[in-house]
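As structure tokens, the structure follows; a few thoughts come after it.
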Number of protein chains: 2
Amino acid sequence: MDTSADGAVVDDAVAEGAVAGGLSIGGVVRATGMSVDTLRFFEREGLLLRPVPRNAAGRRVYEQADVDWLSLVARLRASGMPVATVARFAALVRSGPGNEALRLELLREHERAVRERIAALGADLEIIQGKVAVYERHVREGTAAGLWAPTPSVPADAP
Amino acid sequence: MDTSADGAVVDDAVAEGAVAGGLSIGGVVRATGMSVDTLRFFEREGLLLRPVPRNAAGRRVYEQADVDWLSLVARLRASGMPVATVARFAALVRSGPGNEALRLELLREHERAVRERIAALGADLEIIQGKVAVYERHVREGTAAGLWAPTPSVPADAP
DNA sequence: GCTTGACCTGGACCGCACTCCAGCTCCTAG
DNA sequence: CTAGGAGCTGGAGTGCGGTCCAGGTCAAGC
């Protein structure tokens, strides 16, 4: 069997997104839930730890480690870290050992931001719950206290 | 003293954003923390309960009730409700009594969304904390386990 | 009388994070 | 042999949520 030129040996593995010891972009899509476009976009923006290697046909060949990294990237993005910041973090990791303190600093700062965001959402949630309670009472009992009138300024109830 | 044409009587009250029984847009800026542009944008988008009335010079005159409403709007926006949805809610309130059940539904749905968001952020936070812990250990002890290598694929530690 | 500051309008512009598209190359299955 | 599917590139387009700007009106203070 041909061991050189890529694209041999691979039979039904292709159907699962595998490409001779690696994953096709479609495989990564299935593994991460990201879209093909997003994956290519992230790569262009330097969010990956390396330019993804290509096979003989010019197609991307990912490895499990890329998927693992992308899973972290997904968490960072989902928790509100801007693409540019993920790129900075990736650049630190990419440039090898020696800057762990910087990576830690970046992660800690993000952790702080996420905590803050959660706290703020919690506060907002309380207000919203209060409103929901007011409307529940109103719908149940017909009380209008605390409801907004179509035009403000008359008796001005509790907001 | 002149009681007709606006703009009389108001002496140093102007300096506080008051405009004869109302607030100038600047006053509302100070009260809500929103920018002048945002206030006008929100008005155009129908996020207010009414078109804000103007004085003789064509300037907006807000009332406390507008500020109260805007404070709620700020919470809704801050907690991730899209402008268009706030507009729908405002439209319901604007159209007067009778649709309280709809308003309640909208608020409940948003409450659910916020809870979900908080939960998701909590999950992301745990992952991030895990990473922080790994880096802290590394920076303290020089252990490299669990750290990302510049190029993936070698031994592939725990993500 | 002139400047200054707050405010007005309509419309252009921005940053972010994707998302879509045209036009092309491969590979494989029928 | 041909059709179809997956992938490629560079670049344009999108949706959201504001933000900025030019050019103008007022009212007040010097």
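Letters A, B, ... mirror the listed sequences (proteins, then strands); counts begin at 1.
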Tabulate protein N/O versus nucleotide N/O from nucleotides 8-15 of chain C, keeping only pairs under 3.5 Å, one per line.
| unit_1 | atom_1 | unit_2 | atom_2 | d |
| --- | --- | --- | --- | --- |
| dC8(C) | OP1 | R60(B) | N | 2.8 |
| dC8(C) | OP1 | R60(B) | NH1 | 2.9 |
| dC8(C) | OP2 | R40(B) | NH1 | 2.6 |
| dC8(C) | OP2 | R60(B) | NH1 | 3.3 |
| dC8(C) | O3' | R54(B) | NH1 | 3.4 |
| dT9(C) | OP1 | R54(B) | NH1 | 3.1 |
| dT9(C) | OP1 | R54(B) | NH2 | 3.0 |
| dT9(C) | OP2 | R60(B) | NH1 | 3.1 |
| dT9(C) | OP2 | R60(B) | NH2 | 2.9 |

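With L70(B) as the partner, the side chain to side chain contact (heavy atoms under 4.5 Å, CB included) test is satisfied by one option alone out of R77(B), R75(B), M34(B): M34(B).
Between S24(B) and dA6(C) there is no side-chain polar atom (N or O) within less than 4.0 angstrom of OP1 or OP2. The side chain of T38(B) contributes no N or O atom lying less than 4.0 Å from OP1 or OP2 of dG17(D).
The interatomic distance linking L39(B) (CG) with dC7(C) (C1') rounds to 13 Å, in whole Å. N55(A) has its CG atom 16 Å from the P atom of dT25(C), to the nearest Å. Between E43(A) atom CD and dG10(D) atom P the separation is 11 Å, expressed in whole Å. One can place CZ of F41(A) at 14 Å from C1' of dG11(D), the figure rounded to the nearest angstrom. dA17(C) atom C1' lies 9 Å from atom CD of E45(A), rounded to whole Å. Atom CZ in R30(B) sits about 8 Å away from atom P in dA6(C), given to the nearest Å.
One N or O on the side chain of R94(B) and one on the backbone of G46(B) form a donor-acceptor pair closer than 3.5 Å. A donor-acceptor pair under 3.5 Å is formed between the side chain of R54(B) and the backbone N or O of V52(B).
The pair E111(A)-K131(B) does not count as a salt bridge, with every side-chain nitrogen at least 4.0 angstrom from each carboxylate oxygen. Using a cutoff of 4.0 Å between basic side-chain nitrogens and carboxylate oxygens, R112(A) and E109(A) are scored as salt-bridged.
Residues meeting the side chain to side chain donor-acceptor pair (under 3.5 Å) test with T85(B), sequence neighbours left out: none.
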